[in-house]
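Below, all heavy atoms of this structure are taken into account, side chains as well, without hydrogens, waters or symmetry copies. In this text the structure is predicted, and so the values were computed from the model without any measurement.
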Amino acid sequence: METSKYSRYTIEDFVLDPFFIKWIISPDKKDELFWNRYQEEHPEQEESIRKAIFMIQAIRSDKEVIPEKKLDQIHRLLIKQIRRRTTPIIHIFKYVAILLILTASSFYIYVQQQNNVFPSKKNIPISSNKGVLITSNGNRHEFTTDNTSIKQTAQNKLTINNDTIYNSKEEKQPQQELNQLIIPYGKRSKITLEDGTQIWLNSGSQLLYPSSFNSKTRKIYLKGEAFLQVAENKNKPFYVITPAIKVQVLGTTFNISAYSDDSFIETVLLHGKVNISTNKAFSDNIEIIPGERVKYIKNSKSMKKDHVNPKLYASWINGYLIFENTPIKDVSKKLERYYNTKIVIEQGLEQITFSGKLDLKNNLIDVFESISFTSSIKVIENKDFITIKP
Amino acid sequence: MQAQLKDEYKWNQLRQGNDIYFSMIYSESAPRLYRYGLKFTQNRDTIEDVVQDLFSDLIKNRETLGETDNILFYLMRAFKRRLFRILKKEINPDVEPLADNYSFRVTYSIEQEIIKNEEIHRQTLNLFGALEKLPVRQKEAIYLKYREGMSYHEIADIMEISIESSRNLVCKAIKSLRQSIHTPTQLIQLLNLIFK
């Protein structure tokens, strides 16, 4: 950036300069860097620059209060209009979509506090590289496939990768008894529940579900990441209960997803409508519509709603990951889970981000080789971990 | 780089019927349209109706929408035209909708911290006074420029004037504002404290 022209600038010149205006109204790092340095190098212009900032900020000081609630109401009406318009297409999807991301540590904390909510005795640490399904009668079924397909076809019958398993009919299956499915790091699974709901479980996830939904509501318990397509049944509301929050599925078309090891829980909706609340009594509800995300922050126990691109969150079920300016540590965290490999990032790489699509069918080294981060990196393969160097 | 999606991409997704992008566009632009509307009328029902109709038509006509690489500008232009059509009917059917005789009301406000300092407070009020006294078109032009970050080309389009005129409006406004801040050296020091 040439600085010479600025040295003769008056207050007005600064106020009218597009690059200067941009620095005040929507600065990026480059702008900050340039103007901070410019001010250091040109102390004689400090007064003009200060006054120019003062003027622009005064013009921008309009603090009109916008009725967010009213605008939200209009938004909902418009979404209904879209639904009506696209009804024939919508009927093809019998599902709605959500994504949840939650932390392993918060799980244990919440289990202690809220035994009544999340059935803690069922909790078994995710360790080996074997997936496990523990049925409500206590039988263990292990599997080692990378992508395991499980179907609960009837109350006493289920299939794992096309192997049929019958539970003894003599076994009583009271309502509360749940099957437990554990997917280790590095593996994934898709399970179809008795009502037709489909759930894709990502690496390092745990799901508790009943063999059949006999009560007035359908409840499942989730730790980790899952992508759900909940089968429509208006008479039996569907709940996904996580260690800290509860998601009520209201619409007819939706999907759910959830991950482990983070300081927050994220729910992203692709189709339909869901209601999210914390597991406290009298907790506030947040209703979200497609494209919205609710982020629950573990430390502050607060929930925040914003807009995201849901494709970024749901791509893993199709075997790839999409990133948009994602910091390297977040990219490698996802890859660590998916490949069950420790990734060590050396200092000095914190600022690097990545945008693009990663094919998870390739091995981890190839995936890293194919990544074009904003700066070049070196990937070094060690015995049981990978190091990323500048 | 900002982790923002390009307007062009969002707009094309909207045109292809991706309702997620509709929601994204709505939540980003509706509050700004609403605020812009409040500059022309205090009748909030009217503003809400226009916002709703505008987006409703966007859904209805999305296949036939034109291209844009600046969604906010595209929507603001359409919003203003619709709002003026209605205001014209409501207030005075004889008035040309985009003539000079409309009002542009901005409530400038000071941060509490600034009020605490008498000298700064006085200077700020001077500047606000000068802002209030600006001719209505200059007010609108600097609002679009400094609040919404628009180019002279876009301002010209929205205000239905030439690019040269839009530039002149902004320059004249800035000149008047500049004259309203007489700054004793003492003030500079105070400003430095605030904007440190």
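Between the OG atom in A:Ser61 and the CG atom in B:Leu127 there is a gap of 8.5 Å [rounded to 0.5 Å]. Rounding to the nearest 0.5 Å gives a distance of 6.5 Å between CD of A:Glu12 and NZ of B:Lys175. Atom CD1 of residue B:Ile174 and atom CD1 of residue A:Ile11 lie 11.0 Å apart, to the nearest 0.5 angstrom. Here the straight-line distance linking atom CD of A:Glu68 with atom OG of B:Ser27 works out to 9.5 Å at 0.5 Å rounding. Going from atom NE2 of A:His75 over to atom CZ of B:Phe55 covers 9.0 Å, rounded to the nearest 0.5 Å. Going from atom CZ of B:Arg147 over to atom CD1 of A:Ile56 covers 13.5 Å, rounded to the nearest 0.5 Å.
In this structure, A:Gln81 contributes its side chain and B:Ser56 its backbone to a donor-acceptor pair below 3.5 Å. A distance-only check finds a donor-acceptor pair linking the side chain of B:Tyr146 to the backbone of A:Val15 [under 3.5 Å]. For the pair B:Tyr26 (side chain) and A:Leu71 (backbone), a donor-acceptor distance under 3.5 Å is present.
Pairing each heavy atom of B:Gln52 with each of A:Leu77, the nearest pair is NE2-CD1, 3.6 Å. Among all heavy-atom pairs drawn from A:Val65 and B:Leu38, the shortest one is O-CD1, 4.5 Å.
In this structure, chain B has a heavy atom under 4.5 Å from the side chain of A:Ile25, while its backbone stays farther away. With a 4.5 angstrom heavy-atom cutoff, B:Tyr36 does not touch chain A via any of its atoms. Using a 4.5 Å cut-off between heavy atoms, B:Leu131 contacts chain A through its side chain alone, with no backbone atom that close. With a threshold of 4.5 angstrom between heavy atoms, A:Ile21 approaches chain B through side-chain atoms but not through N, CA, C or O.
In this structure, A:Glu44 places its CD atom where more than 12 heavy-atom neighbours from other residues, nucleotides or ligands lie under 6.0 Å away. Atom NZ of B:Lys172 has 12 or fewer neighbouring heavy atoms from other residues, nucleotides or ligands inside a 6.0 Å radius. The 12-atom threshold is exceeded at CZ of B:Arg44, counting heavy atoms of other residues, nucleotides or ligands nearer than 6.0 Å.
Counting heavy-atom pairs under 4.5 Å between each of B:Lys145, B:Lys39, B:Lys139 and chain A puts B:Lys39 at the top.
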